[in-house]
Amino acid sequence: MSDPSVRRYSGRSVDEWKAARRERLLDAALELFGTDGYPATSVERLCTQAKVSTRHFYHEFQNKEAVLLAVHAQVIELAVRTTGEALAATADAPVRERITAAVDGYLHTIMTDLRRARISFVEVVGASPAVEEQRIAFRELLISSVISIGEAAVARGEITRKDFRFIGLCFMGAVNTVVYDWMLTDPRPPEHQVQDALRELAVNLMTGGREPGPAVD
């Protein structure tokens with residue numbers, strides 16, 4: 001039963017209207033930042049795309065930078081969730097399977113929607129100090145997963161100890177460059193070809209190109 005003290009408009013509370021309005025603005029940002037680009041998109045264009053007045057825009061966001069931070073955070077949340085789920089599902093699997101699952105989960109998030117890829121690898125780079133701080137924090141979160149996979153594999157006797165942070169940095173740099181190039185290539189190669197190559201690169205970086213040894217009981 002609805003709270004009679006909550007004012008409702010067309011069956012929705014004020015909070016529900018605000019949430020829906022914010023979601024439309026984020027959807028508009030994903031579309032416009034992910035196609036035309038962040039610099040080319042004005043607040044007015046965002047509002048037109050979202051069917052939101054500029055007055056209501058500033059009820060939800062301080063400025064355009066705040067929208068970029070929010071839509072990038074959505075991409076981050078999705079990538080972290082899919083990667084985390086992949087690692088959880090392969091917690092007891094050999095290191096090669098864990099790496100494969102994690103890489104597939106991350107790349108699927110980024111490459112199945114070119115708008116997310118463009119925002120992640122193009123639009124956020126150097127956009128502002130705050131956006132750059134968020135981008136670097138996300139990179140560090142992904143690298144922490146690389147370190148976790150590596151340390152677990154060392155503990156099981158599957159691989160020898162390496163500088164897993166350096167490996168993570170190398171792999172993330174490769175992903176950024178390869179996926180960006182893939183986005184611009186015309187005709188674009190099949191998604192699975194890029195994923196296969198990056199998956200194999202990740203395995204080789206972690207294992208040294210050798211088949212990991214058996215786990216230690």
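For the pair Cys170/Phe166, a side-chain contact is recorded, criterion being any heavy-atom separation below 4.5 Å from C-beta on. The shortest side-chain heavy-atom distance between Gln74 and Leu26 falls under the 4.5 Å cut-off. Counting heavy atoms from C-beta outward, Phe61 and Leu46 have side chains that stay 4.5 Å or more apart. Contact annotation: the side chain of Arg116 approaches that of Leu30 to within less than 4.5 Å [non-hydrogen atoms, C-beta and beyond]. Side-chain contact between Ile110 and Phe121 is present, with at least one heavy-atom pair separated by less than 4.5 Å. Residues Glu158 and Thr207 fail the side-chain proximity criterion, which asks for heavy atoms closer than 4.5 Å. Residues Val43 and Tyr58 are in side-chain contact: their nearest non-hydrogen atoms beyond the backbone lie under 4.5 Å apart. Using a 4.5 Å cut-off on side-chain heavy atoms (C-beta onward), Val154 and Phe164 make contact.
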Chi angles and distances behind the side chain to side chain contact (heavy atoms under 4.5 Å, CB included) call for His108, Thr82: CA-CA 9 Å; His108 181 75; Thr82 55; over 6 Å; no

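Thr185 meets the side chain to side chain donor-acceptor pair (under 3.5 Å) test with no other residue; sequence neighbours excluded. Listed by chain and number, the residues in a side chain to side chain donor-acceptor pair (under 3.5 Å) with Glu191 are Gln195 (sequence neighbours excluded). Residues passing the salt bridge (Lys or Arg N to Asp or Glu O under 4.0 Å) test with Glu23, sequence neighbours excluded: none. Listed by chain and number, the residues in a salt bridge (Lys or Arg N to Asp or Glu O under 4.0 Å) with Arg188 amount to none (sequence neighbours excluded). With sequence neighbours excluded, the residues forming a side chain to side chain donor-acceptor pair (under 3.5 Å) with Arg161 are Glu151, listed by chain and number. Glu123 is linked by a side chain to side chain donor-acceptor pair (under 3.5 Å) to Arg118, counting only residues two or more places apart in sequence or in another chain. Residues satisfying the ring-ring contact (aromatic ring centres under 6.0 Å, His included) criterion with His59, sequence neighbours excluded, are His56. Looking at residues two or more places apart in sequence or on another chain, you find a salt bridge (Lys or Arg N to Asp or Glu O under 4.0 Å) between Glu132 and Arg135.
Side-chain N or O atoms of Arg115 include none that pairs as donor or acceptor with a backbone N or O of Gly34 at under 3.5 Å. Side chain of Thr83 to main chain of Val80: no donor-acceptor pair is present (N/O by atom type, distance under 3.5 Å, no hydrogens or angles). Of the possible polar contacts, one joining the Lys64 side chain to the Tyr38 backbone as a donor-acceptor pair under 3.5 Å is found.
Hydrophobic clustering, with ILVMFWY side chains joined whenever heavy atoms are under 4.5 angstrom apart, groups Val178 together with Met206. One hydrophobic cluster holds both Val194 and Val203 under the rule that ILVMFWY side chains link at heavy-atom gaps under 4.5 Å. Linking ILVMFWY side-chain heavy atoms closer than 4.5 Å, directly or via other members, places Trp17 and Val52 in two distinct hydrophobic clusters. Placement of Phe171 and Ile147 within a single hydrophobic cluster is found when ILVMFWY residues are connected by side-chain heavy-atom separations under 4.5 Å, directly or transitively. Ile119 and Tyr180 fall into different hydrophobic clusters, where Ile, Leu, Val, Met, Phe, Trp and Tyr residues are linked whenever their side-chain heavy atoms come under 4.5 Å apart, directly or through other members.
The distance from atom CE of Met172 to atom CG of Leu169, rounded to the nearest 0.5 Å, is 9.5 Å. Remark: Ile136 CD1 to Leu141 CG distance equals 12.5 Å, nearest 0.5 Å. Note that CG of Leu198 is 12.0 Å distant from CD of Gln193, once rounded to the nearest 0.5 Å. Summarising the geometry, atom CG belonging to Asp186 is positioned 10.0 Å from atom CG belonging to Leu184; distances are rounded to the nearest 0.5 Å. To the nearest 0.5 Å, atom OG1 of residue Thr109 and atom CZ of residue Arg81 are 8.0 Å apart.
Within the structure, the salt bridge (Lys or Arg N to Asp or Glu O under 4.0 Å) test picks out the following pairs touching residues 37-59 (sequence neighbours left out): Asp36-Arg45. Under the side-chain hydrogen bond (donor to acceptor under 3.5 Å, both in side chains) criterion, the residue pairs touching residues 140-149 are Glu140-Arg165, with sequence neighbours excluded. Residue pairs meeting the salt bridge (Lys or Arg N to Asp or Glu O under 4.0 Å) criterion with at least one partner in residues 172-181, sequence neighbours excluded, do not occur; the list is empty.
Of all the heavy atoms in Ala174 and Leu201, the pair that sits closest is CB-CD2, 3.7 Å. Here the closest heavy-atom approach between residue Pro189 and residue Trp182 is recorded as O-NE1, 2.8 Å. Across Ala79 and Phe138, no two heavy atoms sit closer than the pair CB-CZ, 3.8 Å. Contact record, Glu65 with Ala130: OE2-CB, 3.8 Å, taken as the closest heavy-atom pair. Considering every non-hydrogen atom in both Val75 and Ser120, the closest pair reads CG1-OG, 3.4 Å. Contact detail for Val95 and Ala153: the closest heavy-atom pair is CG2-CB, 3.6 Å.
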Show every donor-acceptor pair shorter than 3.5 Å between a side-chain atom in residues 98-107 and any protein atom, with sequence neighbours excluded, or say none if there are none.
from: Arg98; atom 1: NE; to: Thr90; atom 2: O; distance (Å): 3.0
from: Arg98; atom 1: NH2; to: Leu87; atom 2: O; distance (Å): 3.2
from: Thr100; atom 1: OG1; to: Arg96; atom 2: O; distance (Å): 2.9
from: Asp104; atom 1: OD1; to: Arg199; atom 2: NE; distance (Å): 2.9
from: Asp104; atom 1: OD1; to: Arg199; atom 2: NH2; distance (Å): 3.0
from: Asp104; atom 1: OD2; to: Arg199; atom 2: NE; distance (Å): 3.4

